[in-house]
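Okay, so here's the structure we're looking at.
Remember, it's 1-based here, ligands and their atoms both numbered in the order they're listed. In this chain, numbering begins with 1 at the start of the sequence shown. Only a predicted model underlies this, so the values are computations on that prediction, with no experimental measurement involved.
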Amino acid sequence: MTFVDVHCLLASMAIEQWGSEYQKKHYLIPAAKGERILAYGLTEPEAGSEPTSLKTSYEERDGGYVVTGTKYLISNGSIADSLIIFAYPNGRREGMSAFIVDSKSEGFSVAMHLDEKIGLFTSDTAMLELNEVKVPKENLLGQPGKGLHVAYSALLNGRIGIGSGCVGIIEDCLNSVTERARSRVQHGKLIGKHQLIQRHVANIAMNLEMARWPTYLAAVEKTKLDTNPSNLDLRTKVDLQSAIAKRVASRLAYESADLAVQVFGGFGYSLLSPVAKHLCDARVARIYEGTDEIMELKIASLILGKGFEAYS
Ligand SMILES: Cc1cc2nc3c(=O)[nH]c(=O)nc-3n(C[C@H](O)[C@H](O)[C@H](O)COP(=O)(O)OP(=O)(O)OC[C@H]3O[C@@H](n4cnc5c(N)ncnc54)[C@H](O)[C@@H]3O)c2cc1C
């Protein structure tokens with residue numbers, strides 16, 4: 001879920017939306033072929049839910065840019081060939097820009113592999129150092145000073161991707177518990193014939209439908225926005241719908257995985273079962289690309305309207 005979300009929905013689609021012809025040819029086509037792995041570097045040690053507080057900076061030099069800073073918790077970070085990196089002009093806290101940075105550039109290094117995660121065992125997560133990394137002029141993504149637009153528009157796609165991944169988790173939990181309930185015998189009958197187990201199966205099935213609807217709706221609205229990108233009402237609707245999809249689907253995925261572990265009993269607590277990894281993996285969906293809390297604040301302020309933002 002994470003690899004595909006970051007490589008395709010965050011990074012590739014940002015290049016598709018904001019990239020020049022050169023960038024599409026040089027980065028998007030190899031990415032689509034699987035020949036170039038992409039990552040998205042917004043978060044920093046002191047800038048998570050508040051990306052506008054990031055410290056990575058750039059300056060114009062010798063006809064190009066020089067970028068310096070630290071990026072934290074970056075998926076695909078140590079395996080990426082190229083990354084979308086967000087930075088402010090040196091000494092300023094406004095006018096953020098986005099750059100496509102090649103990981104083989106001088107001054108780029110992997111500072112740490114974050115291997116001690118409680119899930120996502122197959123997903124690469126890294127802390128990255130950029131020490132005066134030279135970025136050619138043609139690798140500025142989007143307009144100078146409009147990096148936040150690039151970052152936020154990418155997250156619209158990413159959140160729908162997370163919602164979809166969570167729908168997949170719930171679906172697999174449902175399939176796994178169905179099989180288990182039909183085969184495991186306790187107290188002389190299949191556990192699926194115990195009514196309390198049936199309640200768990202029913203709850204997971206209901207969660208699946210509750211997660212599917214807002215996720216599909218967000219994807220449908222986003223498709224409309226893609227053909228009409230200047231429609232601001234539609235953009236607001238997609239912003240709202242993708243936040244709802246992510247918030248709802250990620251909570252329901254975590255809850256469903258927990259129920260699935262319960263149905264599997266002691267075996268469910270083992271990573272050898274088909275459901276334990278879902279419990280570990282689903283948890284992060286409530287954190288990355290906007291935490292539960294940030295999604296709730298976004299949903300409320302988009303509904304209440306201008307002046308009701310909980311933070312600026
Ligand atoms: C496995 C993993 C992979 C990731 N991959 C990427 C990636 O590829 N690229 C990338 O850029 N980032 C990535 N991230 C970072 C992720 O997006 C951030 O962790 C997330 O945005 C939260 O930021 P934070 O961790 O700094 O938490 P904080 O922002 O410090 O939040 C801590 C708590 O405070 C709450 N909080 C913060 N502000 C408010 C507020 N105004 N009101 C109410 N509550 C608030 C939060 O909801 C949270 O509960 C990844 C994270 C993880 C764990």
Side-chain angles (χ1 to χ4, degrees), residues 1-14 31 37-56 67 69-88 96 98-101 103 110-130 141 147-148 150-159 161-162 165-166 169 242-243 246-247 250-251 253-254 277-302 308-312:
M1 167 167 95
T2 302
F3 179 88
V4 171
D5 191 76
V6 170
H7 176 78
C8 299
L9 295 163
L10 286 181
S12 297
M13 286 185 76
I37 295 174
L38 302 180
Y40 172 94
L42 182 62
T43 304
E44 299 185 1
E46 290 170 60
S49 299
E50 190 189 357
T52 50
S53 65
L54 62 79
K55 293 204 167 99
T56 297
V67 181
T70 304
K71 293 292 172 182
Y72 180 50
L73 287 168
I74 306 304
S75 302
N76 305 346
S78 80
I79 57 169
D81 299 292
S82 309
L83 307 91
I84 299 179
I85 295 289
F86 299 89
Y88 279 124
M96 186 189 294
F99 302 93
I100 305 175
V101 174
S103 61
V110 176
M112 201 197 299
H113 288 98
L114 300 158
D115 292 332
E116 294 81 13
K117 301 190 298 283
I118 58 172
L120 292 189
F121 302 127
T122 57
S123 173
D124 176 73
T125 318
M127 180 150 114
L128 310 168
E129 287 293 345
L130 291 91
L141 181 62
L148 260 189
V150 177
Y152 288 159
S153 64
L155 287 168
L156 290 188
N157 297 320
R159 286 174 187 149
I162 302 293
C166 288
I169 287 177
S242 61
K246 180 186 181 287
R247 166 67 181 74
S250 59
R251 278 276 187 117
Y254 185 64
K277 70 178 167 51
H278 289 322
L279 186 65
C280 305
D281 291 350
R283 187 64 184 84
V284 76
R286 293 178 50 197
I287 297 170
Y288 59 16
E289 296 189 34
T291 61
D292 280 2
E293 292 79 7
I294 295 299
M295 291 302 93
E296 285 168 18
L297 298 177
K298 178 181 268 298
I299 292 163
S301 65
L302 286 171
F308 283 90
E309 296 85 4
Y311 57 88
S312 56

Should the proximity of [X] to ligand 1, defined as any heavy atom under 4.0 Å, be assigned to the side chain, the backbone, both, or neither?
X: Lys71; value: neither
X: Tyr311; value: side chain
X: Leu42; value: both
X: Thr291; value: side chain
X: Asn76; value: neither
X: Leu10; value: neither

With only distance considered, is Gly290 within less than 3.5 Å of ligand 1 through an N or O on each side?
->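 Between Gly290 and ligand 1 (N or O atoms, distance only) the closest approach is not under 3.5 Å.
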
Heteroatom proximity flag, Glu50 to ligand 1, N/O under 3.5 Å |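 By distance alone, the answer is no.
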
Quick check: does any side chain N or O of Asn76 sit under 3.5 Å from a backbone N or O of Leu38, one acting as donor and the other as acceptor?
->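 Answer holds: yes.
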
Below 6.0 angstrom between ring centroids: does that apply to Tyr40 and Phe86?
->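 Yes.
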
Of all the non-hydrogen atoms in the protein, which one sits nearest to atom 24 (P) of ligand 1, and at what distance?
->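 Residue, atom and distance for the closest contact: Gly48 CA, 3.9 Å.
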
Taking atom types as modelled, find out whether Thr70 and Glu129 have a side-chain donor-acceptor pair closer than 3.5 angstrom.
->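 Checked: Thr70/Glu129 side chains pair up, N/O donor to acceptor below 3.5 Å.
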
Report the distance from atom CD1 of Ile287 to atom CD1 of Ile162, rounding to the nearest 0.5 Å.
->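 It comes to 11.5 Å.
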
More than 12 heavy atoms from other groups under 6.0 Å of CD on Glu46 |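 No, not enclosed.
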
Relative to the heavy atoms of Ser75, which atoms of ligand 1 are at a distance of less than 4.0 Å?
->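 Counting atoms of ligand 1 from 1, those under 4.0 Å from Ser75 are 3 (C), 4 (C), 5 (N), 6 (C), 7 (C), 8 (O).
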
State plainly whether the residues Arg159 and Glu289 are in salt-bridge range, i.e. N to O under 4.0 Å.
->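 No, Arg159 and Glu289 are not salt-bridged.
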
